[in-house]
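Worksheet: one structure, shown below.
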Amino acid sequence: MQPGMAPVHVLVFPWPMQGHINSMLHLTAGLLGAGLHITFLHTDHNLRRVDRANAAASPRLRLMSVPDGLPDDHPRSVDDIKDLGRSLRTTGSVAYRALLASLLVDDGGFPKLSCVVADGLLPFATDIAEALGVPALAFRTESACSLLAYLSVPRLVELGEVPIPVGAELDAPVHCVPGMEGFLRRRDLPSSCRLHAETHDVDPMLQVLVSYTAHSSRARALILNTAASLERSALAHIAPHMRDVFAIGPLHAISAATALPTSLWREDDGCMAWLDGHADRSVVYVSLGSLTVISLEQFTELLSGLVGAGYAFLWALRPDMVGASPKEAIEKAGNGGKARIVDWAPQRDVLRHRAVGCFLTHAGWNSTLEGVVEGVPLVCWPFFMDQQINSRFVGTVWGNGVDMKDVCERAVVERMVREAMESGELRTSAQALAQQVRRDVAEGGSSTTEFHRLVSFIKQLSCS
Ligand code: UDP
C-alpha cells in the first residue's frame with residue numbers, strides 16, 4: 001500500500017459451488033498477499049459448511065454470507081442449478097444489495113468497500129454494485145476456450161450448427177469458433193449446445209450462459225483463471241469483446257504460498273499415508289469433481305476398466321455420486337489392497353504425490369489446471385459445461401492426456417488408463433506443459449505480471 005493511500009477493500013462473491021469457491025479463494029489469497037482487505041461472500045448454506053480456519057487466516061479477511069433463497073434440505077445438486085440461479089437472483093440479490101449498502105461505510109476496523117469481484121454467473125452482483133457506485137469486475141472460473149465457445153454461440157446458431165440435433169454426426173468439424181477451426185468437433189462444444197437426448201428440447205442453460213457471457217463485457221474487466229501460454233489464441237479472440245482481460249492463472253499455483261482452505265467437504269488425509277506406501281507413478285487417481293453424478297452402469301464400466309488396467313487406484317467418490325453404495329464393490333474388485341476409496345481427497349496434495357501416475361478426471365477446469373501444474377497425464381471423461389472443450393484441448397492441443405468423451409466402456413477405460421500410465425510421449429508432454437505453466441506463474445511470468453496489473457487496476461478503481 002502506498003503511503004497516504006486509503007486501504008482497498010474488495011468483496012469477492014463466487015457462484016456458490018465448490019469449483020467456483022476454490023478459484024475465487026485462490027484469488028482472495030493472492031489479493032490478501034498484495035495487502036488488500038477482502039470480504040469473501042458465501043451463501044448462508046455454504047458458510048455453515050466451510051472450514052472457519054479461513055476466517056482466522058488474516059485480519060484482513062472476513063467471511064460473510066447471504067441467503068441463497070432455497071430451503072435447507074434442498075439438494076443444490078447439478079440438476080437443480082436453475083433453482084439455485086433463480087433464488088439467488090431473487091432472494092439472494094435483495095440481501096446482497098442490503099449488505100453492499102451497509103459496507104459503504106467504515107465498520108469495525110474494516111475499511112469502506114471499494115470494489116467488487118463477482119462470479120460472471122452472478123451478473124446481478126456486478127449490476128447492483130455499479131448501481132451503488134462500487135466498480136465491479138467479473139470473474140469467470142472456466143477456461144478461456146469455453147468462454148470463447150459461448151461467445152461464438154450466436155454465430156453458430158445463425159449458421160444452424162447449434163443446437164446440435166439428437167443423432168447428428170458429433171465428429172463433424174465446427175468451423176466458426178475462432179482459432180479452433182482445425183480441431184474442434186461438435187462433440188467438443190459445451191454440452192448445452194446439444195438438444196436433450198430424450199425430449200429433444202433446447203437446454204435452457206445455453207441461453208442463460210450465452211447471455212451471462214455477453215454480460216461480462218459490461219464489467220470493468222474480466223478475470224480468467226488461465227495462463228497466456230495455455231490459451232493465447234482464445235484470450236486474443238476474447239479481448240475485443242471485453243473492456244479489459246486479466247489472465248492470472250493457474251491461481252492455485254500463484255497463491256500457493258498463502259493458500260486458504262477451500263473445501264466444503266471434509267478432506268480424508270488418510271489417503272496420503274496410503275500413497276506413501278506405493279512406488280513412484282504406480283497409482284491412478286480418480287476424481288470426477290464436486291458435482292458429477294454417474295449411473296450404476298457407468299460406475300461398473302469405470303470400475304471394471306480400472307481393475308482391468310491392473311494398477312492400484314485412489315478414488316475420490318462422494319457419497320452422492322452413484323445411486324447405490326458402491327464402496328464394497330470397489331473394495332472387493334480392487335482386492336489385495338489395490339484400491340483406496342475416500343469421500344473427498346486433498347486433491348492438490350494427491351496430484352503432487354510422487355506415487356500418482358495419472359489422473360482420471362471429468363476435466364473440470366480446476367482439476368485440469370491442477371493436473372497440468374503437476375505434470376500428471378490425464379484421462380478425461382467429461383460430463384457437462386466446459387468439460388467437453390477442456391478435454392479436447394488436453395487430448396489434441398496440449399497433448400498432456402487422452403479424451404474418453406461420450407464413451408464409458410470397460411475396454412476403453414482400461415486402454416486409456418494404460419496409455420496414460422505407460423506412454424513416455426504423454427508424460428513428456430505433460431511435464432513440458434507443467435514447466436511452461438510454472439514459468440507463467442513465476443515472478444516475471446505472464447500470469448504474475450497480469451496479477452500485479454490487476455492489483456494496480458483494482459487500486460486505481462478504488463481511488464476514483
Ligand atoms: N476436489 C478436492 N477433492 C476431491 C475432489 C475435488 O479437493 O476429492 C477439488 C479439486 O481439487 C478442484 C475442485 O474440487 O479444485 C473441483 O473443481 P473442478 O472445476 O475440477 O470441477 P467441479 O467440481 O466444478 O465440477
(request) For Tyr150 and Glu142, test the side chains for any donor-to-acceptor distance below 3.5 angstrom and give the result as yes or no. (result) no

(message) Would you call the rings of His26 and His252 parallel, tilted or perpendicular, taking 30° and 60° as the class edges?
(response) tilted

(request) Ignoring hydrogens and angles, tell me if any N or O in the side chain of Ser391 forms a donor-acceptor pair with the backbone of Gln388 under 3.5 Å. (result) yes

(message) Between Asp119 and Phe13 (side chain of the first, backbone of the second, donor and acceptor by atom type, cut-off under 3.5 Å), is there such a pair?
(response) no

(message) For the backbone of Ser304 and the side chain of Arg410, can you confirm whether one donor and one acceptor N or O come within less than 3.5 Å of each other?
(response) no

(message) Just by distance, no angles: are the side chains of Ser263 and Gln18 close enough, under 3.5 Å, to form a donor-acceptor pair?
(response) no

(message) Taking the basic N atoms (NZ, or NE/NH1/NH2) and the acidic carboxylate oxygens, is any pair closer than 4.0 Å for Arg348 and Glu267?
(response) no

(message) Given Trp365, which partner from the list Ser143, Ser146, Cys145, Ser23 fulfils the side-chain contact (heavy atoms from CB on, under 4.5 Å) test?
(response) Ser143

(message) Which residue is it: Arg318, Gln387, His362? I am looking for the one with a side-chain contact (heavy atoms from CB on, under 4.5 Å) to Leu288.
(response) His362

(request) Could you label the plane-to-plane angle of the His278 and Trp274 rings as parallel, tilted or perpendicular, counting under 30° as parallel and over 60° as perpendicular? (result) tilted

(message) Is it the case that atom CZ in Arg352 sees more than 12 heavy atoms from other parts of the structure closer than 6.0 Å?
(response) yes

(message) Please determine whether a side-chain nitrogen of the Lys or Arg among Asp72 and Arg48 lies less than 4.0 Å from a carboxylate oxygen of the Asp or Glu.
(response) yes

(request) Check whether any side-chain heavy atom of Leu224 lies under 4.5 Å from a side-chain heavy atom of Arg140, and answer yes or no. (result) yes

(request) For the pair Tyr96 and Phe124, name the ring-plane relationship: parallel under 30°, tilted 30 to 60°, perpendicular over 60°. (result) perpendicular

(message) Whether Arg76 and Asp83 form a salt bridge (side-chain N of Lys/Arg under 4.0 Å from carboxylate O of Asp/Glu) is what I want to check.
(response) no

(message) I'd like to know if Arg186 pairs up with Asp171 as an ion pair, taking the criterion as any Lys NZ or Arg NE/NH1/NH2 lying under 4.0 Å from an Asp or Glu carboxylate oxygen.
(response) no

